[in-house]
Amino acid sequence: MTEAKYNKITWPLFLELISLPQKTTALMPFLFGVVYAQYAFDRIDWLNTLIYFVGQFCIALFVSGFNHVQDFKKAKDLNYLKTTNVISRERLNPKQVMIFMLCLLATACLMGLILVLRTNLILLFIGGVTIAVAIFYTYGPFPLSRFPLGEILSGPVEGFGTIFIASFVNMPHLPITLDFRSGWILLLSINLPLLIQLMFVGMPFAIFDSSVMYADNICDLKQDIKNERFTLPFYLGQKKAVQLYPLWPASAFVFIIISVIFSYLPFWSLLSLLLLPYVIRNIKIFMKEQNKHTTFQTAINNLLFVGAAQILILLLCVLIPVSGF
C-alpha cells in the first residue's frame, strides 16, 4: 500500500489507537500509590509525582498503540484484519503510527531517567523491567502475549508496579536502594518489612488488573487461536477458564482484609467490602456470556469501583485524621 492510499489519523481514530477509555484502569493504581504515600509515609513530592504521571501515561498510551501495530503485523486471521484491528480496518500507515508510539516511549524513558536522578539508581532497573515487559509483550519472534503469561505479567507490572513506583518517588525512606560505594562496588539495600507492606496493599489492584486481562483473553479466545495467540484460557479451556474467573476478585478482597489486619490499610478500607454484591453481580453477568462488546466491561467496572473506593477511603483518612481514621 502506497503512502497516498493511507488514510489520515483522525482524532477518533487516534483515541481508538491508544485505547483512551481503558486508560482509566491505569490511572487507578497511580492515584492509589500517590494517596497511599501521603497516608502511610506522610509525604508527597509533587514534582516527582508529576514527572511520573507524564511518564506512566506515555508508556500506557505507547503500549496500546504498539500492540495494535504488532497485532497487525502478526495477525493470521483475515477477518480480524478487516473488522477488528484499527490499523488495517481504517487503512492507517503502520510506520506513521509506530513513529508516534516511539515518541511516546522516548518521552516515558526521559521522565524515568529524571526520576532516577531525583530518587535512586534502583529505579533505573525497576523501570527498565516494566518497559521491557511493555515492549516484548507483543514484539519479537516469541512475544509474551502469545503465551499464558499475560495475566501473570499485566497485574504485577500495571497494577502493583504502578503503585510501587508512585509510592517510591514520594517516600522519604525508600524500600529498596542501589548505591555506589568505593570503586565500582554496588550496595543493594532492602527494607523487607516496607517492601512487604507495599506488596500487600498493591495486590488487590494487581489482581483486579490481571482479571481484566483474563476476561479479555476469554472473550478473544476463538480469535486468538486463529491468530496463533495461545493465552491462559486456551490452556485451561473455555469452560474451565470461566469457572475460575470468580477466584480473581475474591482473592483481591482477601488481600484487602489481610492488609487491614496488619494495619497496612486503615480499618475503614473494609467498607469496600460493601461492593461485594455489585462485584458478584458483574461476575455472574460475565460468566453467563463472555462478549467483548457487552459483558467484558463488567471486569473493568469491578476494578474501577473497588479501586475508586480504596482511593476515596484513603483520601478521607488523610483529610480527616481523627481517631480511628
Side-chain angles (χ1 to χ4, degrees), residues 16 19-33 35 60 63-64 84 148 150-160 162-163 200-224 231-260 265 268-316:
E16 185 177 353
S19 305
L20 187 62
Q22 297 180 15
K23 295 311 159 191
T24 51
T25 60
L27 186 62
M28 286 294 161
F30 168 80
L31 292 176
F32 180 85
V35 177
V63 168
S64 295
T84 304
E151 295 80 6
I152 297 173
L153 293 172
S154 66
V157 172
E158 296 180 17
F160 170 71
T162 302
I163 290 174
F200 269 88
V201 299
M203 281 305 294
F205 283 87
I207 294 170
F208 271 115
D209 195 283
S210 291
S211 72
V212 172
M213 174 70 71
Y214 186 69
D216 185 46
N217 287 338
I218 291 176
C219 292
D220 290 342
L221 181 57
K222 292 181 180 179
Q223 180 179 281
D224 284 346
T231 58
L232 184 57
F234 169 80
Y235 290 96
L236 293 174
Q238 177 85 17
K239 183 178 179 180
K240 190 67 174 179
V242 173
Q243 290 175 342
L244 293 176
Y245 176 67
L247 296 179
W248 295 90
S251 57
F253 280 110
V254 168
F255 273 100
I256 292 175
I257 295 172
I258 294 174
S259 296
V260 170
L265 290 174
W268 299 103
S269 291
L270 294 178
L271 287 174
S272 61
L273 297 180
L274 295 175
L275 289 170
L276 264 174
Y278 173 78
V279 172
I280 292 172
R281 188 196 72 174
N282 282 343
I283 291 172
K284 289 181 178 179
I285 291 173
F286 184 80
M287 292 184 71
K288 186 176 182 180
E289 180 186 7
Q290 301 82 53
N291 187 290
K292 190 68 170 284
H293 304 290
T294 56
T295 62
F296 170 64
Q297 184 63 36
T298 60
I300 297 177
N301 289 346
N302 285 343
L303 168 58
L304 293 179
F305 275 74
V306 177
Q310 287 290 298
I311 294 168
L312 181 59
I313 291 169
L314 279 184
L315 189 59
L316 288 174

Interatomic distance, [X] atom [atom1] to [Y] atom [atom2] [nearest 0.5 angstrom]:
X: Asn302; Y: Ile283; atom1: CG; atom2: CD1; value: 6.0 Å
X: Thr298; Y: Leu303; atom1: OG1; atom2: CG; value: 12.0 Å
X: Ile311; Y: Leu27; atom1: CD1; atom2: CG; value: 7.0 Å
X: Leu31; Y: Leu312; atom1: CG; atom2: CG; value: 11.5 Å
X: Thr25; Y: Met213; atom1: OG1; atom2: CE; value: 9.5 Å
X: Ser211; Y: Ile300; atom1: OG; atom2: CD1; value: 9.5 Å

Does the side chain of [Y] come within less than 4.5 Å of [X]'s, by heavy atoms?
X: Phe253; Y: Val279; result: yes
X: Ile257; Y: Leu273; result: yes
X: Gln238; Y: Gln290; result: yes
X: Pro204; Y: Gln310; result: no

Practice problem: Under the ring-ring contact (aromatic ring centres under 6.0 Å, His included) rule, what do Phe32 and Phe205 come out as? Steps first, then yes or no, please. | Solution: CA-CA 9 Å; Phe32 180 85; Phe205 283 87; 4.8 Å; yes
Self-check item: Candidate pair Phe296 and Val212, rule side-chain contact (heavy atoms from CB on, under 4.5 Å), full reasoning
Solution: CA-CA 8 Å; Phe296 170 64; Val212 172; 3.8 Å; yes
Quick one: does [X]'s side chain have a donor or acceptor within less than 3.5 Å of a partner on [Y]'s backbone?
X: Asn291; Y: Thr294; result: yes
X: Ser259; Y: Phe255; result: yes
X: Tyr278; Y: Val306; result: no

Quiz item: What do you reckon, are the aromatic ring centroids of Phe286 and Tyr245 less than 6.0 Å apart?
Solution: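 Ring centres of Tyr245 and Phe286 closer than 6.0 Å.
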Exercise. Could you tell me if the ring centre of Phe208 sits under 6.0 Å from that of Trp248?
Key: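 Not close enough - the centres of the two rings lie 6.0 Å or further apart.
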Quiz item: Does a donor on one side chain and an acceptor on the other come within less than 3.5 Å for Glu289 and Thr295?
Solution: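 No, no side-chain donor-acceptor contact under 3.5 Å.
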Quiz item: Have Asn282 and Asn301 got a donor and an acceptor in their side chains that come within less than 3.5 Å?
Solution: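 Their side chains do not contain a donor-acceptor pair, so the 3.5 Å distance test is not met.
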Quiz prompt | Atom NZ of Lys240: over 12 foreign heavy atoms under 6.0 Å | solution =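 No, not enclosed.
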Exercise. Any chance you could lay out the side-chain contact (heavy atoms from CB on, under 4.5 Å) test for Asn217 and Leu221, step after step, and finish with the verdict?
Key: CA-CA 6 Å; Asn217 287 338; Leu221 181 57; over 6 Å; no
Practice problem: Tell me, with the steps shown, if Leu232 and Tyr214 meet side-chain contact (heavy atoms from CB on, under 4.5 Å). | Solution: CA-CA 8 Å; Leu232 184 57; Tyr214 186 69; 4.0 Å; yes
